[in-house]
Q: 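Quick one: this structure, given as structure tokens, is what I'll be asking you about.
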Amino acid sequence: MDLRSALDRLRNACVARFGEPAGVRLAALARPGFDLRPATGDNTTGRCAFGGPALLDPGTPWPEYDGFPLSLLAVLDTDALADWLGEHLPRRVGLLNIFGLEPAKGVPYPPGMDFDDPRWLRVVPADPARAVPVPTPAGDAALFDRVPIRAVPLLTMPDVWGEAVQRIDFGDEHPVAVADAIEEFYTSCPELGEASGASTFGWPVGELGSVGSWQDDHTHLLKLCDGPSEIPTLYFSIPTEAFRAGDFSRAVVTQEVY
């Protein structure tokens, strides 16, 4: 699937349904992303995987929270994703190792653990040419088997009640009717796909609608649900300008609120 052609077809469909300029503005919100699925056979996308060993530059320390080692949740191979993302990939960074604090079964969380403390998440980049496999330290941290990933390209749109959509003027029609029409359009438009579970890049639309605390100027790194972690659905993101600068210390995580 060619990104430019897919975006052009989406724009035409939006204009045909909602007219100008609303249709043009709605189509402009589209972002390329990926649905992440367990790979079978030889269809793994680069070195993408859930769990397993981290892929780190030699000498990189294993990330910890007050001495408690984090668990490797996923590795994203951005070089393998770059062609579909195009300009929506802020920077070529090679491999991204995504860690979270997840105690092994029967091990309590560290005393005073605060899920508002960003240190329980860590995103560590690595050079694909230098990276070596490093297993999660045995002991207190949960260990997850490696599951290779197949990244399926799709176009994504923001939630119908999200601020990005709500800023568009659709005329005098009632907001609920507009939201229903957009939802129907999302469902019926062949250019759009819906991530069935884990995803990366694109819009991080949650099972229950808009993701709490989401900022439009962020880049969606990973939605992780029904995966290795027993924590409810997680959304990892980073301010786009920080991604562009290579400062992954500013990555944040939001939990799905039920």
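Quick note: numbers below take in every heavy atom, side chains included, and nothing from hydrogens, waters or symmetry partners. The first residue of the sequence shown is numbered 1, and numbering continues consecutively from there.
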Q: Please tell me if the side chains of K223 and L234 come closer than 4.5 Å, counting only heavy atoms from C-beta onward.
A: no
Q: Identify each donor-acceptor pair in which a side-chain atom of residues 87-101 lies under 3.5 Å from a protein atom, sequence neighbours left out, and give them as a table.
A:
residue, atom, partner, partner atom, Å
R91, NH1, R244, O, 3.1
R92, NE, D79, OD1, 3.2
N97, OD1, L55, N, 2.8
N97, ND2, L55, O, 2.7
N97, ND2, V124, O, 3.1

Q: Quick check on the hydrophobic clustering: are V152 and L3 connected, directly or via other members, by side-chain heavy-atom contacts under 4.5 Å?
A: no
Q: Which atom pair, heavy atoms only, marks the closest approach of L7 to A30?
A: CD2-CB, 4.0 Å
Q: Evaluate the ring-ring contact (aromatic ring centres under 6.0 Å, His included) criterion for residues F34 and F201: first the C-alpha distance (whole Å), next the side-chain angles of each, then the deciding distance (0.1 Å), finally the verdict.
A: CA-CA 6 Å; F34 295 89; F201 293 94; 7.1 Å; no
Q: Please enumerate all residues that pass salt bridge (charged side-chain N to carboxylate O under 4.0 Å, His left out) together with D8, with sequence neighbours excluded.
A: R4
Q: Just how far is it from atom CG of D159 to atom CH2 of W203, taken to the nearest 0.5 Å?
A: 10.0 Å
Q: Is the backbone N or O of L56 less than 3.5 Å from a side-chain atom of T60, with the two atoms forming a donor-acceptor pair by type?
A: no
Q: Give me the one residue out of V253, L76, V252, L221 that meets side-chain contact (heavy atoms from CB on, under 4.5 Å) with V123.
A: L221
Q: Any donor-acceptor pair under 3.5 Å linking the side chain of R47 with the backbone of P128?
A: yes
Q: Just verifying a value: how many Å separate D247 CG and I238 CD1, rounded to the nearest 0.5 Å?
A: 6.5 Å
Q: Pair L36, L222 - check side-chain contact (heavy atoms from CB on, under 4.5 Å), show working.
A: CA-CA 9 Å; L36 302 180; L222 179 68; 3.7 Å; yes
Q: Give, for atom CG of L155 and atom CZ of R31, the distance between the pair rounded to the nearest 0.5 Å.
A: 12.5 Å
Q: How many angstroms lie between atom CG of L81 and atom OG1 of T78, to the nearest 0.5 angstrom?
A: 6.5 Å
Q: Under the side chain to side chain contact (heavy atoms under 4.5 Å, CB included) test, which residues partner P239, sequence neighbours left out?
A: H218, E241, A242, R250
Q: Let me confirm one number: the CZ-CG distance from R37 to N43, rounded to the nearest 0.5 Å.
A: 10.5 Å
Q: Indicate yes or no for a side-chain donor-acceptor contact from E191 to the backbone of R11 under 3.5 Å, with no hydrogens or angles considered.
A: no
Q: Nearest 0.5 Å please: distance from the CG atom of L73 over to the CG atom of L224.
A: 6.0 Å
Q: Please say whether more than 12 non-hydrogen atoms of neighbouring residues, nucleotides or ligands are located less than 6.0 Å from CG in D180.
A: yes
Q: Examine L10 and V24 and state if one hydrophobic cluster contains both, with Ile, Leu, Val, Met, Phe, Trp and Tyr joined whenever side-chain heavy atoms are less than 4.5 Å apart.
A: no
Q: Are M157 and V15 connected into the same hydrophobic cluster when the rule is that any two of I, L, V, M, F, W, Y join if their side-chain heavy atoms are below 4.5 Å apart?
A: no
Q: Determine all donor-acceptor pairs shorter than 3.5 Å in which one atom belongs to a side chain in residues 168-175; sequence neighbours excluded.
A:
residue, atom, partner, partner atom, Å
D169, OD1, G171, N, 2.8
H174, ND1, V176, N, 3.0

Q: Show, in sequence, the C-alpha distance, side-chain angles and deciding distance for L192 and T156, and conclude whether the side-chain contact (heavy atoms from CB on, under 4.5 Å) test is met.
A: CA-CA 6 Å; L192 297 178; T156 67; over 6 Å; no
Q: Not counting sequence neighbours, list each pair that qualifies as a salt bridge (Lys or Arg N to Asp or Glu O under 4.0 Å) and has a residue in residues 13-24.
A: none
Q: Looking at P32, is its backbone amide N or carbonyl O close enough to the side chain of W84 to form a donor-acceptor pair, meaning the two atoms are under 3.5 Å apart?
A: no
Q: Do D140 and Y109 pass the side-chain contact (heavy atoms from CB on, under 4.5 Å) test, and can you show the C-alpha distance, the side-chain angles, and the key distance before you say yes or no?
A: CA-CA 9 Å; D140 292 337; Y109 281 95; over 6 Å; no
Q: Got a sec, which hydrophobics cluster with L143, joining ILVMFWY side chains under 4.5 Å apart, including via others?
A: none
Q: Would you name the heavy atoms of L121 and L70 that are closest together and state the gap between them?
A: C-CD1, 4.4 Å
Q: Using the side chain to side chain donor-acceptor pair (under 3.5 Å) rule, take T219 and T240 through it: C-alpha gap first, then chi angles, then the decisive distance, then the call.
A: CA-CA 5 Å; T219 293; T240 299; 2.9 Å; yes
Q: Do the ring centers of F18 and F185 come within less than 6.0 Å of each other?
A: yes
Q: Please name the pair of heavy atoms, one in C48 and one in R146, separated by the smallest distance, quoted to 0.1 Å.
A: O-NH2, 4.2 Å
Q: Can R119 and D66 be counted as an ion pair, charged N to O under 4.0 angstrom?
A: yes
Q: Ring centres of F50 and F144 under 6.0 Å apart?
A: no
Q: Hey, is the main chain of D2 close enough, under 3.5 Å, to the side chain of S5 for a donor-acceptor pair?
A: no
Q: Heavy atoms only: give me the nearest S71-A141 pair and the separation to one decimal.
A: OG-CB, 3.7 Å
Q: Okay, side chain of R122, backbone of E64: is any donor-acceptor separation there less than 3.5 Å?
A: yes
Q: Could you report the tightest heavy-atom contact between P158 and A164, atom names first, then the distance?
A: CG-CB, 4.3 Å
Q: Quick one: closest heavy-atom pair of G112 and Y65, and the distance?
A: O-OH, 4.1 Å
Q: Between S199 and H220, do the side chains contain an N or O donor and an N or O acceptor separated by less than 3.5 Å?
A: yes
